[in-house]
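Encoded as structure tokens, the structure appears first; notes follow it.
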Amino acid sequence: MENEKSDEKNFFTRVYEVTSLIPQGRVTTYGAIARYLGSGNSARMVGWALNSSFSHSGFVPAHRVLNRNGMLTGKHHFGTPSAMSQLLENEGVKVENDRVVNFKNRFWDPASEL
DNA sequence: ACAGTGACCTACT
DNA sequence: GAGTAGGCCACTG
């Protein structure tokens with residue numbers, strides 16, 4: 001039932017929803033979200049959407065979204081390069097060299113979970 | 001309306 | 001195994 005504010009449901013909002021659904025201590029990838037949204041290979045748009053997440057009202061756990069290698073690619077966009085890794089460690093995710101440890105084990109696939 | 005950009009991914013060489 | 005190139009869709013100027 002899409003009866004809630006279907007007026008401004010942009011691609012961005014869709015990403016916010018999925019990203020916001022990421023369980024704490026878990027991480028996902030841009031490609032996974034892109035595929036779940038049906039964008040296919042447009043993983044770039046996902047990252048870009050998260051970029052606007054800072055403008056979005058409310059907090060979006062964009063730090064839980066990494067690239068295919070589990071690397072914190074957009075850490076520089078958090079304002080401080082340490083904010084992303086710090087947030088992840090704060091949630092129980094160990095980060096080393098801008099990379100998530102046991103990333104494969106912590107990988108949360110929306111298309112598989114949802 | 002056109003062109004450029006963007007936190008990527010996949011495939012080929 | 002590693003590196004390079006192209007593709008993709010959506011937003012901004």
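In the text below, chain A, chain B and the rest are named by the order of the sequence lines, each starting its count at 1.
- In the hydrophobic clustering (ILVMFWY side chains linked at under 4.5 Å, chained through shared members), A:V101 stands by itself.
- The backbone N or O of A:S57 sits nowhere less than 3.5 Å from a side-chain atom of A:Y16 that would complete a donor-acceptor pair.
- In the set B:dC8, B:dA7, C:dC9, the nucleotide with an atom closest to the side chain of A:S42 is C:dC9.
- Nucleotide C:dA10 holds its C1' atom 17 Å from the OH atom of A:Y30, rounded to whole Å.
- Taking only side-chain atoms of A:R44, from C-beta outward, the nucleotide of C:dG7, B:dC9, B:dA7 with the closest atom is C:dG7.
- Atom pair A:H56:NE2 and B:dA7:C1' shows a separation of 18 Å (rounding to whole Å applied).
- Distance CG (A:N69) to P (C:dG3): 13 Å, rounded to an integer number of Å.
- When the C1' atom of B:dA7 is taken as reference, atom NE2 of A:H63 falls 14 Å away, rounded to whole Å.
- Electrostatic pairing of A:R64 and A:E91 counts as a salt bridge here, judged by a charged N lying under 4.0 Å from a carboxylate O.
- Comparing B:dA7, B:dC9, B:dT5 against the side chain of A:F54 picks out B:dA7 as the nearest.
- At least one donor-acceptor pair under 3.5 Å links the side chain of A:T29 to the backbone N or O of A:A32.
- One can place CZ of A:R99 at 17 Å from C1' of B:dA7, the figure rounded to the nearest angstrom.
- Each of C:dC11, B:dT10, B:dA7 was ranked by its minimum atom distance to the side chain of A:R68; first place goes to B:dT10.
- Look at CE on A:M71: it is 12 Å from P on B:dC9, rounded to the nearest Å.
- Between the OH atom of A:Y36 and the P atom of B:dC8 there is a distance of 23 Å, rounded to whole Å.
- Contacts classified as ring pair (Phe, Tyr, Trp, His ring centres under 6.0 Å) and involving residues 27-55 of chain A (residues at least two apart or in different chains) are given here: A:F54-A:F78.
- The CZ atom of A:F12 sits 6 Å away from the P atom of C:dC11 (whole-angstrom rounding).
- For A:A62, the side-chain atoms get nearest to B:dA7 when compared with the rest of B:dA7, B:dG4, B:dC9.
- Considering only the side chain of A:L50, B:dA7 comes nearest among B:dG4, B:dC9, B:dA7.
- When distances are taken from the side chain of A:F11 to each of C:dA10, B:dC8, B:dA7, the shortest belongs to C:dA10.
- Within 4.0 Å of A:N51, counting heavy atoms only, lies at least one base atom of the nucleic acid.
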